[in-house]
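Beneath this line is the structure, given in structure tokens, with notes to follow.
Residue numbers begin at 1 in each chain, while the letters A, B, ... track the order of the sequences.
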2 protein chains.
Amino acid sequence: MKDKNTVIERLKKANFKLTPQRMAIIETLIGNKTHPSADAIYDKIKKKFPMISYSTIYNTLRILIDLGELRELSIKENKINYDPNTEPHHHFLCEKCNRIIDIFQEINFKSEHINTHKIRNYEIYFYGICSDCLKRIK
Amino acid sequence: MKDKNTVIERLKKANFKLTPQRMAIIETLIGNKTHPSADAIYDKIKKKFPMISYSTIYNTLRILIDLGELRELSIKENKINYDPNTEPHHHFLCEKCNRIIDIFQEINFKSEHINTHKIRNYEIYFYGICSDCLKRIK
DNA sequence: TTATTAATTAAAAATTATTCTTAATTAAAA
DNA sequence: TTTTAATTAAGAATAATTTTTAATTAATAA
């Protein structure tokens with residue numbers, strides 16, 4: 001999800017309607033680096049659309065994922081977090097402040113196979129204490 | 001979780017009781033390379049203990065995790081899979097047969113920090129088609 | 001511009017996985 | 001043995017997500 005117009009064009013091309021609710025969800029996601037969960041998105045959208053329902057949130061998120069414009073993270077147990085940045089990168093979960101932080105540092109791994117299994121995708125989840133929390137503890 | 005006696009010793013040392021239900025759960029897990037979910041374990045234990053309840057399963061799994069004898073995987077969405085092999089290794093989820101396969105191949109990553117964030121642990125999840133399914137497709 | 005229609009919505013019920021509560025049971029210590 | 005503190009089974013509670021359905025609405029065609 002780079003910019004609103006590109007996402008809108010892709011939705012149109014795939015014959016999805018551009019409802020105000022969807023537009024609001026897209027606007028909340030574009031450039032969002034907080035990796036929100038569905039309920040964080042719901043809470044934000046509810047300010048503009050007090051009648052919004054979770055089905056609308058989940059339906060829109062599903063569409064964006066299927067279009068490849070949104071990425072699901074399983075870095076927290078039993079909870080999905082969403083990342084509108086679909087460029088290859090990894091994630092760090094701070095166990096103190098609970099933030100999910102993008103890791104753009106390249107990990108030396110490029111091959112298309114591992115042990116003869118064909119890789120379509122891979123995720124690296126780091127767990128620890130982020131630099132801000134480390135400072136705070138000192 | 002290497003062998004039963006070591007796990008039993010560790011449970012004793014930590015003042016946990018060695019109930020038959022717990023022993024059965026441990027026996028199911030030792031050497032188990034299938035990465036079972038709680039309900040797969042429940043189904044198996046139920047054959048021996050038809051009255052077993054999920055709370056016993058989850059309680060025992062929690063103890064083993066806290067003792068460092070069991071590892072939780074978040075490779076599948078909204079589901080926890082358990083791995084009794086606590087040696088460092090990674091996992092591959094086959095999107096065809098849905099199996100979770102151990103990856104012992106070393107990934108070049110050793111540092112204690114990433115971008116000044118302190119790493120306590122990290123997980124690598126690969127997604128794709130396993131070699132068995134690749135053969136079957138050909 | 002209006003009518004049509006097919007997609008989308010909100011609401012609520014259902015589902016799934018896990019956790020919590022409670023009273024009864026049992027393993028281990030005294 | 002008796003005691004007691006941990007553990008159990010059962011089921012209720014919780015949390016996240018999905019499904020169902022009838023009403024609404026966006027986009028297309030008349």
Side-chain angles (χ1 to χ4, degrees), chain A residues 7-26 28 35-67 70-83 98 100, chain B residues 7-26 28 35-67 70-83 98 100:
Chain A
V7 179
I8 288 173
E9 278 316 306
R10 297 212 57 202
L11 280 168
K12 271 190 189 170
K13 218 169 249 170
N15 286 313
F16 289 110
K17 291 187 178 172
L18 304 171
T19 66
Q21 293 93 330
R22 279 183 185 161
M23 296 304 289
I25 294 168
I26 290 164
T28 289
H35 312 89
S37 59
D39 78 281
I41 297 165
Y42 174 82
D43 287 346
K44 208 156 173 209
I45 301 297
K46 208 162 56 173
K47 288 177 189 160
K48 216 176 174 180
F49 294 88
M51 306 302 276
I52 194 91
S53 108
Y54 271 104
S55 39
T56 304
I57 304 285
Y58 280 109
N59 166 310
T60 302
L61 294 174
R62 176 61 40 212
I63 289 167
L64 293 170
I65 287 157
D66 290 349
L67 290 176
L70 188 64
R71 186 171 159 187
E72 293 178 291
L73 306 180
S74 293
I75 195 167
K76 293 186 183 181
E77 247 170 46
N78 302 319
K79 204 173 177 67
I80 303 170
N81 288 270
Y82 297 90
D83 190 346
N98 215 31
I100 298 168
Chain B
V7 178
I8 288 172
E9 278 317 305
R10 297 212 58 201
L11 280 167
K12 271 190 186 168
K13 217 168 248 167
N15 286 313
F16 290 110
K17 292 187 177 171
L18 302 171
T19 66
Q21 293 91 332
R22 278 184 186 161
M23 295 304 289
I25 294 168
I26 290 165
T28 290
H35 312 89
S37 58
D39 79 281
I41 297 166
Y42 174 82
D43 286 347
K44 208 155 173 210
I45 301 297
K46 208 163 54 175
K47 288 175 188 162
K48 216 177 176 181
F49 294 88
M51 308 300 277
I52 195 90
S53 107
Y54 271 105
S55 36
T56 304
I57 304 286
Y58 280 110
N59 167 309
T60 302
L61 295 174
R62 175 60 41 212
I63 289 167
L64 293 170
I65 287 157
D66 290 349
L67 289 176
L70 188 64
R71 186 169 158 188
E72 293 178 291
L73 306 180
S74 292
I75 194 166
K76 293 187 183 180
E77 248 170 48
N78 300 319
K79 202 170 180 69
I80 302 171
N81 288 270
Y82 298 90
D83 189 346
N98 215 31
I100 298 169

* Go along nucleotides 9-22 of chain D 5' to 3' and tag each nucleotide: B for a protein heavy atom under 4.0 Å from its base, S when only backbone or sugar atoms are that close, - otherwise. => BB-----SBBB---
* Can you check each nucleotide of nucleotides 23-30 of chain C against protein heavy atoms at under 4.0 Å and return B for base, S for sugar-phosphate only, - for none, in 5' to 3' order? => ----BS--
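Identified under the side-chain hydrogen bond (donor to acceptor under 3.5 Å, both in side chains) test for residues 44-54 of chain A, with sequence neighbours left out: A/Ser53-A/Ser55. Pairs engaging residues 9-24 of chain A under the salt bridge (charged side-chain N to carboxylate O under 4.0 Å, His left out) rule: A/Arg10-A/Glu69 [sequence neighbours left out].
Whole-Å rounding puts the B/Asp43 CG to C/dA17 P distance at 11 Å. The NZ-C1' distance, from A/Lys12 to D/dT28, rounds to 14 Å in whole Å.
Take B/Glu77 and apply the salt bridge (charged side-chain N to carboxylate O under 4.0 Å, His left out) test, not counting sequence neighbours, and it matches no residue. Looking at residues two or more places apart in sequence or on another chain, you find no side-chain contact (heavy atoms from CB on, under 4.5 Å) involving A/Asn15. Listed by chain and number, the residues in a side-chain hydrogen bond (donor to acceptor under 3.5 Å, both in side chains) with A/Lys79 are A/Asp39 (sequence neighbours excluded).
By the 4.5 Å heavy-atom criterion applied to side chains, A/Val7 and A/Leu64 are counted as neighbours. When side chains are defined from C-beta on, A/Asn81 counts as touching A/Lys76, because their heavy atoms get closer than 4.5 Å.
To the nearest 0.5 Å, atoms OG1 (A/Thr28) and OH (A/Tyr42) are separated by 14.0 Å. Considering OH of B/Tyr82 and CG of B/Leu61, their distance stands at 5.0 Å, rounded to 0.5 Å.
The shortest non-hydrogen separation linking A/Ile45 to A/Ile57 is CG1-CD1, 4.1 Å.
In DNA chain C, consecutive stretches of 3 or more Watson-Crick or G-U wobble pairs with both distances under 3.5 Å are given as paired ranges: C:1-30 with D:1-30.
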